[in-house]
Asks: 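Structure below; questions to follow.
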Amino acid sequence: MNVLVTGGMGYIGSHTCIQMIQAGMTPIILDNLYNSKNTVLDRIEKVAGVRPKFIEGDIRDKDLLTSALKDNAIESVIHFAGLKAVGESVEKPLEYYDNNVNGTLVLVDAMREAGVKTLVFSSSATVYGDPASVPITEDFPTSATNPYGRSKLMVEECLTDFQKANSDWSITLLRYFNPVGSHPSGELGEDPQGIPNNLMPFVSQVAVGRREFLSVFGSDYPTKDGTGVRDYIHVMDLSDGHVAALEKVGNKSGLHIYNLGTGNGYSVLEMVKAFEAASGKPVPYKLVERRAGDIAECWADPSKAINDLGWKAERTLNEMTEDTWRWQSNNPDGYPG
Ligand code: NAD
Ligand code: UFG
């Protein structure tokens, strides 16, 4: 199966390409390299034994997309491309709506023109806003507290309306919880540009000596130890979730919505401890004020994906931290180039 993978050079997309190749699928990557490097392709080839075709370009370029879909006999699309930094989205809302919302509309329009009717979209647990309770099921109410989250919610709503009007399409919305970890080879991982926004890349940069200490945002939440609790999911499990979605519901028309999480919540301090154990390095931290817009706790009820997709997150917290450390210590400055 030829699958167009937008944003396939990025963190989650690159790992998913490897799992797709392993499952016998043929990923064709389209990415504008805004937040990634083309040396990612060498690593995918090294690990998977196949160098995916790469089209450098932007999802907002409809002619390019239409020809990419037609010329490569694409049967389905996994759509990762987009901007993802919550704080930046507050400063640059137009860029976020243009890339994430407009970009997705252009993609769907090109798919319609090329007759490709299967789409898997990268959504986020951020669409649950501040959930009334945990664990979270797919029928919880949705809301947004920042432009990034709103862009994901808007895309979900656009795709829902579009699928209603085009009942022969298969559209899957995958709501990721907190992706962490790296390919176990240590060849691929998360390579944020500048100061990392997310916990795990920050922790691993402290452990490797690139940063002095971690600021723990808030220690007075009503959680087990006062720090924020999240559902961290290994990026390899998340990647397998995409393969399962394509295999199990990619050929069934309809709108399919799944949480991709483990169902377990870990606190910031638990993550720090686990990382210290895996790396053998100290991770100095300071307890500071809460970060604006953060919620106390958030974890998934993954039953729907387990039942429908036959998929379950299986990698342990140890694997998440050990694999992150292998990537970070082998590649202290990220990908070359
Ligand atoms: P990433 O930044 O590593 O990957 C995104 C890729 O898309 C990058 O390679 C970037 O160059 C490319 N891209 C961005 N705008 C583009 C455009 N207009 N045209 C073509 N390519 C473009 O991010 P990631 O962590 O791999 O996330 C992938 C998707 O998953 C995103 O849509 C993100 O919002 C979503 N998501 C991520 C997380 C997370 O914590 N990482 C959580 C929930 C959802
Ligand atoms: N945290 C710190 N210090 C840091 C970074 C984070 O204490 O330097 C804490 C946060 O306060 C939070 C936890 O670590 O309690 C996780 O924070 P992240 O920034 O790693 O992740 P978030 O849960 O805030 O958000 C992530 C993605 C969003 C996505 C959301 C749900 O960044 O894009 O998960 O999937 F929407």
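Whatever order the structure lists ligands and atoms in, that order sets their numbers, starting from 1. Residue indices begin at 1 and follow the sequence shown.
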Asks: Could you give the side-chain donor-acceptor pairs of residues 47-56 under 3.5 Å, partners two or more places apart or in another chain?
Replies:
unit_1	atom_1	unit_2	atom_2	d
Arg51	NH1	Asp42	OD1	2.9
Arg51	NH1	Glu45	OE1	2.8
Arg51	NH2	Asp42	OD1	3.0
Lys53	NZ	Asn72	OD1	2.9

Asks: Does Glu138 pair with Lys304 as a salt bridge, N-O distance under 4.0 Å?
Replies: no
Asks: I'd like to know if the side chain of Trp299 reaches the main chain of Val134, judged simply by a donor and an acceptor atom lying under 3.5 Å from each other, with no hydrogens or angles considered.
Replies: no
Asks: What pairs with Lys224 under salt bridge (charged side-chain N to carboxylate O under 4.0 Å, His left out), at least two apart in sequence or on another chain?
Replies: Glu270
Asks: Just checking, is any N or O donor in the side chain of Asn259 or Tyr128 under 3.5 Å from an acceptor N or O on the other one?
Replies: yes
Asks: Please assess Glu88 against Tyr96 for the test side-chain hydrogen bond (donor to acceptor under 3.5 Å, both in side chains), listing each intermediate value before the final yes or no.
Replies: CA-CA 9 Å; Glu88 185 187 60; Tyr96 274 69; 2.4 Å; yes
Asks: Does the pair Lys312/Asp237 count as a salt bridge with the N-to-O cut at 4.0 Å?
Replies: no
Asks: State which residue, out of Thr262, Asn264, Leu260, Asp231, fulfils the side-chain contact (heavy atoms from CB on, under 4.5 Å) condition with Phe177.
Replies: Asp231
Asks: Heavy atoms under 4.0 Å from ligand 1: which residues qualify?
Replies: Gly7, Met9, Gly10, Tyr11, Ile12, Asp31, Asn32, Leu33, Tyr34, Asn35, Ser36, Gly57, Asp58, Ile59, Arg60, Phe80, Ala81, Gly82, Lys84, Asn99, Ser122, Ser123, Ser124, Tyr148, Lys152, Tyr176, Pro179
Asks: So, for His242 and Tyr258, is the gap between ring centers shorter than 6.0 Å?
Replies: no
Asks: Who's touching ligand 2 if we go heavy atoms under 4.0 Å?
Replies: Ser124, Ala125, Thr126, Tyr148, Tyr176, Phe177, Asn178, Asn197, Asn198, Leu199, Leu214, Ser215, Val216, Phe217, Gly228, Arg230, Tyr232, Val268, Arg291, Asp294
